[in-house]
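Letters A, B, ... are given to chains in the order of the sequence lines, protein chains preceding strands, and every chain is numbered from 1.
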2 protein chains.
Amino acid sequence: MEEHDELKKTGLKVTLPRLKVLNIFESSKEKHLTAEDIYKEMLGSGEEVGLATIYRVLTQFEQAGLLIRHHFESGKAVFELNEKSHHDHIVCLQCGHVEEFVNEGIEKLQTQVANEHGFTIIEHSLYIYGDCTKKDCEYKK
Amino acid sequence: MEEHDELKKTGLKVTLPRLKVLNIFESSKEKHLTAEDIYKEMLGSGEEVGLATIYRVLTQFEQAGLLIRHHFESGKAVFELNEKSHHDHIVCLQCGHVEEFVNEGIEKLQTQVANEHGFTIIEHSLYIYGDCTKKDCEYKK
DNA sequence: TAATAAATGCGTTTAATTTTCATTATCTTC
DNA sequence: GAAGATAATGAAAATTAAACGCATTTATTA
Ligand SMILES: [Mn+2]
Ligand SMILES: [Mn+2]
Ligand SMILES: [Zn+2]
Ligand SMILES: [Zn+2]
């Protein structure tokens, strides 16, 4: 059991809610999910779970390095599996569609900027917002 | 009176709270301020004002193009005067010190990335976080 | 200065997230 | 495999930043 061991390694107890949350991230077609998304998904599939547990688990997973937390401009935190290889995001302001990208040039220039300002760079957040060109792109509340 | 005219141009009524908020931004040594910062500053200097007014005025000023709203990772919105020329930010995770920068290379590459993904870029947010090297840098709550 | 339309302050409300606490499940040990 | 220690859970209450409703006050305009 893959997810079981992944949890074991974090030192966290292997519980049903935790397994399910991990499972949702690993099987969902949408990889960027909010606490609410997870919660509804679990309720929908008949799980008995409290929203507080979801929030707790997400934060624990983040601290354990399993998840990454993002703040798009929606106001709510968005999580995704920590794939280890860094990437940034471009988000459609119309339909919410998210695409990922890595641009070595941008990464290098950021380090350079930090150096120029006497900072040791720890992390960065870069979100590009715009209009996408998906055929089914439309504003969704 | 400079600030008076600046307000006039926005179509908003020239009121004391609005003048004072504008004045704080134009005279403060720290240019990136939260609603709370403004509120405390005004209470401190004897103004009679409600926090709701601050929130309302900040949003109105943002819509009028007088202010820019940022979301650093503090959780609360941060505002600064809209100097018209775009810049990004590098923030010290220890002391909260903020420096501004513009890097044309990064700007160009962002546009390029957007194009490659079929997006029309509307805006972006880039924050670099790290440790600064100010002599008086230390963790402040 | 009076009429009108907008702005203010106070208190209430919302939305996301966190905390408290009693109950329950997991892990470890025997 | 059962018992004890410890951590996790769910429900409800608490917190926090921000928005809102409304009666009252103020700025603008005539
Ligand atoms: Mn991603
Ligand atoms: Mn700035
Ligand atoms: Zn779209
Ligand atoms: Zn510092």
Side-chain angles (χ1 to χ4, degrees), chain A residues 1 3-24 32-43 45-64 66-67 69-79 96 141, chain B residues 1 3-24 32-43 45-64 66-79 141:
Chain A
M1 203 103 261
E3 283 141 15
H4 187 285
D5 297 343
E6 212 169 341
L7 273 179
K8 263 278 157 70
K9 276 187 288 186
T10 67
L12 295 166
K13 284 188 179 174
V14 179
T15 66
L16 233 52
R18 284 178 181 153
L19 281 171
K20 196 78 215 304
V21 167
L22 209 47
N23 191 259
I24 287 174
H32 305 90
L33 303 168
T34 66
E36 274 293 319
D37 290 339
I38 304 281
Y39 181 59
K40 284 183 185 142
E41 178 69 30
M42 289 178 73
L43 288 193
S45 58
E47 311 288 325
E48 190 109 350
V49 73
L51 184 52
T53 300
I54 306 294
Y55 276 106
R56 271 184 303 236
V57 168
L58 289 174
T59 298
Q60 290 157 344
F61 283 6
E62 182 194 17
Q63 286 163 350
L66 263 49
L67 295 179
R69 181 193 303 255
H70 293 290
H71 292 100
F72 298 164
E73 38 192 58
S74 66
K76 27 184 118 172
V78 173
F79 296 83
K141 177 70 205 306
Chain B
M1 202 101 269
E3 284 140 16
H4 187 284
D5 296 343
E6 211 168 340
L7 273 180
K8 262 277 155 70
K9 275 188 289 183
T10 68
L12 296 166
K13 285 189 179 174
V14 179
T15 65
L16 232 50
R18 284 176 180 156
L19 281 171
K20 196 76 213 308
V21 167
L22 209 48
N23 190 259
I24 288 174
H32 305 90
L33 303 168
T34 66
E36 274 293 321
D37 290 339
I38 304 280
Y39 182 58
K40 285 183 184 144
E41 178 70 32
M42 289 179 74
L43 288 193
S45 60
E47 311 290 325
E48 192 108 351
V49 72
L51 184 51
T53 300
I54 306 295
Y55 277 109
R56 271 184 301 235
V57 168
L58 289 174
T59 298
Q60 290 157 344
F61 283 6
E62 182 194 17
Q63 287 163 349
L66 262 48
L67 294 180
I68 291 178
R69 181 192 304 254
H70 293 290
H71 292 100
F72 297 164
E73 43 191 52
S74 67
K76 22 184 122 174
V78 173
F79 297 82
K141 178 60 209 302

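Among all heavy-atom pairs drawn from A:Leu22 and A:Phe61, the shortest one is CD1-CE2, 4.0 Å. The shortest heavy-atom contact between A:Gly50 and A:Tyr39 is C-CE1, 3.9 Å. For the pair B:Gln60 and B:Arg18, the tightest heavy-atom approach, listed with the atom from each and the gap, is OE1-NH2, 3.2 Å. The two atoms that bring B:Pro17 and B:Val49 nearest to each other are CB-CG2, 4.4 Å, heavy atoms only.
No donor-acceptor distance shorter than 3.5 angstrom exists from the side chain of B:Thr10 to the backbone of B:Glu6, with no hydrogens or angles considered. Judged by distance alone, with hydrogens and angles left aside, the side-chain atoms of B:Asp37 form a donor-acceptor pair with the main-chain N or O of B:Thr34 at under 3.5 Å.
Both B:Lys8 and A:Gln60 lie near DNA chain D, and the one whose nearest nucleotide falls closer to the 5' end is A:Gln60.
Contacts of A:Ala77 with the nucleic acid, taken as non-hydrogen atoms under 4.0 Å apart, involve only primed sugar atoms and P, OP1 or OP2. Residue A:Leu16 is out of contact with every strand shown, counting any heavy-atom pair closer than 4.0 Å.
With rounding to whole Å, A:Lys20 atom NZ is found 13 Å from D:dG10 atom P. Distance, B:Leu7 CG to D:dA27 C1': 12 Å, rounded to whole Å. Rounded to an integer number of Å, the gap from B:Leu22 CG to C:dA7 P is 15 Å. Between the CD atom of B:Gln63 and the P atom of C:dA7 there is a distance of 12 Å, given to the nearest Å. Remark: P of D:dA8 and CG of A:Leu12 are 6 Å apart, rounded to the nearest angstrom. What separates OH of B:Tyr39 from P of D:dA17 is a distance of 13 Å, to the nearest Å. With rounding to whole Å, A:His4 atom NE2 is found 6 Å from C:dC27 atom P. Atom CZ of A:Arg18 and atom C1' of C:dT24 are 14 Å apart (whole Å).
Within residues 47-56 of chain B, the residues approached by DNA chain C to less than 4.0 Å at the level of any non-hydrogen atom are B:Glu48, B:Val49, B:Gly50, B:Ala52, B:Thr53, B:Arg56, in residue-number order.
Overall, the helix from C:dT1-D:dA30 to C:dC30-D:dG1 carries an axis bend of 30° between its ends, with five pairs at each end and the value rounded to 10°.
One finds the CD1 atom of B:Ile54 at 9.5 Å from the CD atom of B:Glu47 (value rounded to the nearest 0.5 Å). With rounding to the nearest 0.5 Å, the separation of CG in A:Asn23 from CD in A:Glu41 is 9.5 Å.
Between B:Thr15 and the phosphate of C:dT8, there is a side-chain N or O to OP1/OP2 separation shorter than 4.0 Å.
Across B:Val78, B:Val21, B:Ile24, B:Leu67, a single residue satisfies side-chain contact (heavy atoms from CB on, under 4.5 Å) together with B:Leu33, and that is B:Ile24.
Side-chain N/O atoms of B:Lys13 and base N/O atoms of C:dA5 include a donor-acceptor pair closer than 3.5 Å.
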